[in-house]
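Here's the structure we're looking at; comments come further down.
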Amino acid sequence: DVERSRGLGDVYKRQVLELARMGSAKLNMAPIALALCVEAVVKDVRFEFPQRHIQCDFSLMPQPVSITHVMANAGALSRALENIIRNACKYSPEGRPIDISIAPAGHKQWQVCCRDYGNGMQQEELALLKRPFYRGGGVMHGEGFGLGLSIADKAIKQHGGKLIIDNHTEGGLSVQVILNAMPAGHC
C-alpha cells in the first residue's frame, strides 16, 4: 500500500498545482468542436469505468455535430469535463446510466449537461461542491480529494462560461457547463 499512497500523493500534488494554475494562468484558446471534445472525454472515462453505461445525446445540436465550435483551451476544457463525468461515475449507483447531453442554452451558448442517478445533494451543500477540498455528503474516505469540481469551475470560468450544479427534478445530480458558441464561419 506504500506504492498506492505514493501514487495518491502524486495525484494530489498534480491537482493542487492544476487548481493554482487555473486561478492565475491565461489559457491559449482556439476553436474546438465541442461534441468531438465531449466524445473524446467520454471515451477516456469509459476506459477508466468500463462497468458504467455513459449515454451521449447530441440530438439537439446542428448536424453534423463537428460544425459546432467553442473558443477553448482543449486541454483545460477536457480536464474540466473529465472531472465532472468521473464524479458522476463515482457517485452514481451501479447499474444506473450517466447521461451526457449537449444542447443550445440561450442565445449563442451551448450547455453540456452531465446527469447521474445518485442520491443528489442537500440543497445547502450544492454551492459548496465548487470549493477546494470540499467533499459532499460528509465523505471523508474513498477516492478523490475534493478538488475536481473546483478545478472544473475555475477552468470553465476562464472560458467565459459557468458551471451550474443542481439536483435533477427526477433524482440525481445535474452538472451543467455553459459555454459561449462561436459564430458560424469563424472557425
> Shortest non-hydrogen contact from Ala105 to Trp110?
Replying inline: CB-C, 4.0 Å
> Are the side chain of Arg46 and the backbone N or O of Ile54 linked by a donor-acceptor pair below 3.5 Å?
Replying inline: yes
> Can you find a pair of side-chain heavy atoms, one from Asp57 and one from Ile100, that are under 4.5 Å apart?
Replying inline: no
> Just how far is it from atom CG of Leu173 to atom CD1 of Ile165, taken to the nearest 0.5 Å?
Replying inline: 6.5 Å
>> As an exercise, state the distance from CG of Asp44 to CG of Leu81, rounded to the nearest 0.5 Å.
In response: 11.5 Å
> Is the side chain of Ser92 donor-acceptor paired with the backbone N or O of Tyr117 at a distance under 3.5 Å, no angle test?
Replying inline: yes
>> With a sphere of 6.0 Å drawn around CG of Asn119, does it hold more than 12 non-hydrogen atoms of other residues, nucleotides or ligands?
In response: no
>> Keeping Arg79 on the side-chain end and Ala74 on the backbone end, is there a donor-acceptor pair under 3.5 Å?
In response: no
>> Could you go through Val45 and Glu82, starting from their C-alpha distance and side-chain angles, then the distance that decides it, and tell me whether this counts as side chain to side chain contact (heavy atoms under 4.5 Å, CB included)?
In response: CA-CA 7 Å; Val45 175; Glu82 184 177 337; 4.0 Å; yes
>> Could you report the tightest heavy-atom contact between Ser78 and Cys37, atom names first, then the distance?
In response: OG-SG, 3.4 Å
>> Which residues pass the side-chain contact (heavy atoms from CB on, under 4.5 Å) test with Ala88, not counting sequence neighbours?
In response: Ile98, Cys114, Asp116
> Considering all heavy atoms of both residues, which atom of Ile178 and which atom of Ile156 are nearest to each other, and what is their separation?
Replying inline: O-CG2, 4.2 Å
> Does Cys89 offer a backbone N or O that forms a donor-acceptor pair with the side chain of Arg52 under 3.5 Å?
Replying inline: yes
>> Val175 and side-chain contact (heavy atoms from CB on, under 4.5 Å): which single residue from Asn83, Val112, Ile164, Leu163 fits?
In response: Leu163
>> Quick check: closest heavy atoms across Ile32 and Leu77, and the distance to 0.1 Å?
In response: CD1-CD2, 3.6 Å
> How far apart are the C-alpha atoms of Asp166 and Gln123, what are their side-chain angles, what is the distance that settles it, and do they pass the side chain to side chain contact (heavy atoms under 4.5 Å, CB included) test?
Replying inline: CA-CA 8 Å; Asp166 209 352; Gln123 197 64 37; 4.0 Å; yes
> Quick one: side-chain contact (heavy atoms from CB on, under 4.5 Å) partners of Met29, sequence neighbours excluded?
Replying inline: Leu27, Met71, Asn73, His159
> So Lys157 and Lys162, side chain to side chain contact (heavy atoms under 4.5 Å, CB included) or not? Walk me through it.
Replying inline: CA-CA 6 Å; Lys157 284 179 181 173; Lys162 60 184 171 182; 6.0 Å; no
>> Ignoring hydrogens, what is the shortest heavy-atom contact between Gln176 and Ser174? Give both atom names and the distance.
In response: NE2-OG, 3.5 Å
